[in-house]
Every structure is written in structure tokens, then in C-alpha cells.
Amino acid sequence: MEMNRHDFLKNTVLGTTAAAMLGGEELLAAKSSRKNDLAAVLGGEPEAMLAKGLELLGGMGRFVKKGQKVTIKPNIAWDRVPERAGNTNPLLVAALVKQCLAAGASKVFVFDHTCDEWRRCYENSGVEDAAKNAGATVLPGNDERYYREVSIPGGKILKNAKVHEAILDSDVWFNVPVLKHHGGANMSLSMKNYMGLVWDRRFFHRNDLQQCIADICLLEPRPVLNIVDGYRVLKEHGPQGRSDADVVLAKGLFLSTDIVAADTAAVRFFNQIRQMPLESVSHIRNGEMLGLGTSNLKNVNILRAKIG
């Protein structure tokens with residue numbers, strides 16, 4: 001049975017429901033093992049949640065070294081304002097840019113290969129202004145000349161793809177999707193966010209979408225961190241949404257180097273809003289079979305924090 005907005009906020013954001021579904025009753029940070037860590041942060045605003053999540057994982061210095069070029073790949077695919085939750089929260093993107101620069105990054109780039117007209121997506125999502133004001137360089141992704149063909153070793157269906165040069169040329173990159181329902185893939189999360197790296201997305205839709213999503217995640221280099229934005233969650237009619245009624249203010253954030261674990265935790269969080277069996281998001285299972293990570297959160301060191 002689907003929860004209404006009031007009950008969700010009461011039970012998940014202000015209570016312990018999310019802690020329980022992630023495998024523990026109390027929202028307390030355990031000591032980080034750094035291997036197979038997953039930080040789950042509830043409550044607070046995007047900047048504070050990111051800071052807490054990075055703290056739990058050992059700090060931004062674990063991921064960004066002085067002088068490195070960094071690319072941040074949010075979801076900016078849709079011509080939607082932040083309140084509609086079709087794109088990654090611009091406040092989260094800005095906070096991540098600032099964290100990277102404070103850690104000594106020489107350059108921080110932000111881009112996406114949008115679905116709607118790219119200028120309107122960049123502007124109306126709020127991501128372009130937020131990223132630029134934080135010190136990033138925002139790159140276009142609307143032209144094939146920005147993409148280079150690379151092989152996908154181990155891909156079952158997807159054997160090669162044209163990938164944006166910002167990913168290929170940076171020293172490290174961050175995968176920063178928004179947590180939302182998706183009409184084709186059932187959920188759009190860290191793995192699905194990879195589709196904004198490639199030029200030809202039509203191949204995915206013509207050739208087993210769920211397997212191609214898993215295949216593209218074999219791409220090298222891998223993200224140094226997956227950060228799933230669950231501040232506002234699009235619970236239905238994704239990936240764009242139709243109205244404010246499709247959105248829940250959930251205030252969740254999930255961070256992990258394990259892309260399968262990050263997406264598994266995010267799907268479990270989503271299940272506190274509406275039912276979405278993990279089995280129905282089969283690209284997660286496909287990714288696990290490719291060795292990309294684990295969906296068994298008992299094997300993950302979950303570090304929890306609640307703000308406020």
C-alpha cells in the first residue's frame with residue numbers, strides 16, 4: 001500500500017524506518033572500513049547531507065587529490081524545475097563542486113547528454129547556474145563531436161559506445177543521479193545515470209535496455225563515488241513527472257563506491273514511498289552478475305546518520 005506524503009515524512013525522515021530497512025534500528029555511524037562502505041544520510045539540506053556522507057566515508061580527500069581534474073555527472077536530462085525532481089538537485093551539485101575544489105581539484109566539469117533541449121534543461125534545472133556559481137565549468141553534451149568511441153570489455157550486448165570526453169579525460173569522476181521512478185527501466189539511479197555519458201542511447205532501447213544499462217557500467221574509468229540524490233523523489237510518471245503530486249520530499253542521500261549497493265539501498269528507500277520490488281529493476285541484478293558490486297546489504301558496511 002502506498003504511503004501518503006505525511007506518513008512518509010513522519011516515518012522515514014523523522015523516524016527510523018529507513019534505518020530498519022537498511023539493516024539496523026539506530027541511526028548511528030559505525031567505524032568506516034572504507035571497503036564496501038555505504039553512507040546513508042537522512043534529513044537536513046543537500047549541502048549538510050553531502051558533508052555528513054563524505055565525513056562518514058573518510059572525507060573528500062579519499063576521492064580527490066590536489067591538482068586533479070574532476071567531472072561531475074548529474075542527471076540534467078529534463079526541462080524541469082528542481083521542485084519536480086526530474087533532475088539532480090542543483091544544491092547538491094553545487095555542494096559537491098565546492099567540496100572537490102576545497103580538496104584541491106584543479107578543474108571541475110559538469111555535463112549531461114540531455115533528453116530535452118539542452119539549454120533549457122541546463123537553465124531550468126538550476127544545475128548550470130548552481131555549478132558555475134560554485135566554481136565549475138559546465139560543458140555541453142549535445143554534439144557527437146564531444147564523444148569518443150571506446151570498447152566495453154565484458155559487455156554482454158553493449159560492446160562499444162561513444163562516451164563523452166569529459167569522462168575519458170578527467171582524473172576522477174562522480175556519478176550523481178536523482179532517485180526516481182522510470183517508465184522504461186522502472187528505476188533511474190546510479191547505473192541508469194550512465195546513459196547520459198553516451199551519444200547513442202537508442203541502441204540501449206532497441207537491444208535489451210536492462211542489460212545495456214549494466215553493460216555500460218563496465219566502462220573505465222569507474223566513478224570514484226556514486227551519490228544518489230533522494231532529497232526529492234519522483235515516485236511515479238518518471239522520468240519526467242507530470243505534477244507536484246508525483247514528488248515526495250524524502251531527504252535521503254546514499255553514497256558508495258559500490259554502484260550495485262548504492263542502487264539497492266536507494267530502491268529499498270524508494271519502497272517506503274511506493275512498492276518497487278528489487279527484482280523488477282533487473283539492471284541491478286545484471287550488474288551484480290557482471291561483478292559490479294553486491295545487492296546483499298548484509299555484506300556492506302552501512303554508515304548511517306540523521307541530521308536534525
Side-chain angles (χ1 to χ4, degrees), residues 8 12-13 16-24 27-30 32-58 60 62-63 72-75 85 88-89 91-93 95-96 99 174-182 187-194 217 222-235 248-273 276 278 281 283-284 287-288 292-307:
F8 176 78
T12 301
V13 177
T16 59
T17 301
M21 65 93 182
L22 285 174
L27 289 165
L28 297 174
S32 172
S33 68
R34 299 204 172 182
K35 184 178 180 181
N36 262 9
D37 284 354
L38 187 149
V41 184
L42 301 178
E45 295 306 302
E47 186 170 9
M49 295 170 71
L50 177 66
K52 176 55 70 174
L54 290 171
E55 177 189 331
L56 292 175
L57 294 176
M60 180 56 88
R62 174 183 170 188
F63 306 105
I72 296 170
K73 167 56 180 74
N75 188 326
T88 305
N89 193 302
L91 298 178
L92 176 62
V93 176
L96 183 56
Q99 286 273 358
F174 290 85
N175 186 17
V176 193
V178 64
L179 166 56
K180 62 180 178 177
H181 170 255
H182 191 281
M187 293 294 298
S188 183
L189 301 158
S190 306
M191 295 177 69
K192 176 68 172 59
N193 200 42
Y194 265 73
C217 295
R222 307 279 175 89
V224 289
L225 190 63
N226 303 284
I227 305 173
V228 184
D229 168 25
Y231 184 80
R232 294 186 185 92
V233 174
L234 185 61
K235 65 178 181 177
V248 170
L249 181 63
K251 294 191 176 183
L253 190 71
F254 302 91
L255 308 87
S256 184
T257 58
D258 184 324
I259 196 168
V260 175
D263 283 3
T264 299
V267 171
R268 290 193 178 186
F269 186 67
F270 187 84
N271 267 273
Q272 305 306 305
I273 305 171
M276 181 63 66
L278 186 64
V281 192
H283 61 260
I284 295 178
E288 187 168 27
L292 292 168
T294 181
S295 65
N296 185 354
L297 297 186
K298 292 181 179 179
N299 294 331
V300 177
N301 183 31
I302 301 174
L303 311 166
R304 306 175 185 86
K306 182 176 181 293
I307 298 175

With a 4.5 Å heavy-atom cut-off, do Leu255 and Leu56 have their side chains touching? no
Within this structure, what is the CD1-CG distance for the pair Ile273 and Leu234, rounded to the nearest 0.5 Å? 9.5 Å
Give me the atom names and distance for the closest heavy-atom approach of Ser295 to Leu278. CB-CD2, 4.4 Å
Ala261 to Val300 - nearest heavy-atom pair and separation: CB-CG2, 4.0 Å
What is the minimum heavy-atom distance between Leu42 and Gly252, and which atoms define it? CD2-CA, 4.0 Å
Tell me, do Tyr231 and Leu92 make a side-chain contact under 4.5 Å, heavy atoms counted? no
Measure from the side-chain N and O atoms of Asp258 to the backbone N and O of Thr294, and report whether any donor-acceptor pair falls under 3.5 Å. yes
Could you pull out all residues at least two apart from Lys73 that satisfy salt bridge (charged side-chain N to carboxylate O under 4.0 Å, His left out)? Asp112
Rounded to the nearest 0.5 Å, what separation is found between the CE atom of Met60 and the CG atom of Leu96? 5.0 Å
Closest contact, heavy atoms only, Gly230 versus Phe269: O-CE2, 4.2 Å
I need the minimum non-hydrogen distance between Met276 and Val267, along with the two atoms involved. O-CG1, 3.6 Å
Taking the side chain as every heavy atom from C-beta outward, state whether Val228 and Pro177 have any atom pair closer than 4.5 Å. yes
Within-4.5 Å side-chain heavy-atom neighbours: Phe270 and Leu189: no
Mind checking side chain to side chain donor-acceptor pair (under 3.5 Å) for Asp229 and listing every partner two or more places apart, or none if nothing turns up? none
Hey, could you give me the NE2/OH distance between His283 and Tyr194, rounded to the nearest 0.5 Å? 12.0 Å
In sequence, state the C-alpha distance, the side-chain angles, and the governing distance for Leu297 and Arg268, and then conclude on side chain to side chain contact (heavy atoms under 4.5 Å, CB included). CA-CA 10 Å; Leu297 297 186; Arg268 290 193 178 186; 4.0 Å; yes
So do Asn175 and Arg222 actually touch side chain to side chain, heavy atoms under 4.5 Å? no
To the nearest 0.5 Å, what is the distance between CD (Glu45) and NZ (Lys251)? 4.5 Å
Gap between atom CD1 of Ile227 and atom CG of Asn193 - 0.5 Å precision: 11.0 Å
Is the closest side-chain heavy-atom distance between Met191 and Leu292 below 4.5 Å? yes
With Asp37 as reference, evaluate Asn301, Thr257, Ile302 under the side-chain contact (heavy atoms from CB on, under 4.5 Å) test and give the passing residue. Asn301
So, using salt bridge (charged side-chain N to carboxylate O under 4.0 Å, His left out) as the criterion, who are the partners of Glu55 when residues are at least two apart? Lys52
So, Asn75 side chain and Thr88 main chain: donor-acceptor pair closer than 3.5 Å or not? no
On a heavy-atom basis, the closest approach of His181 and Lys235 is CB-O, 3.6 Å
Backbone N/O of Ser190 and side chain of Asp263: donor-acceptor pair under 3.5 Å: yes
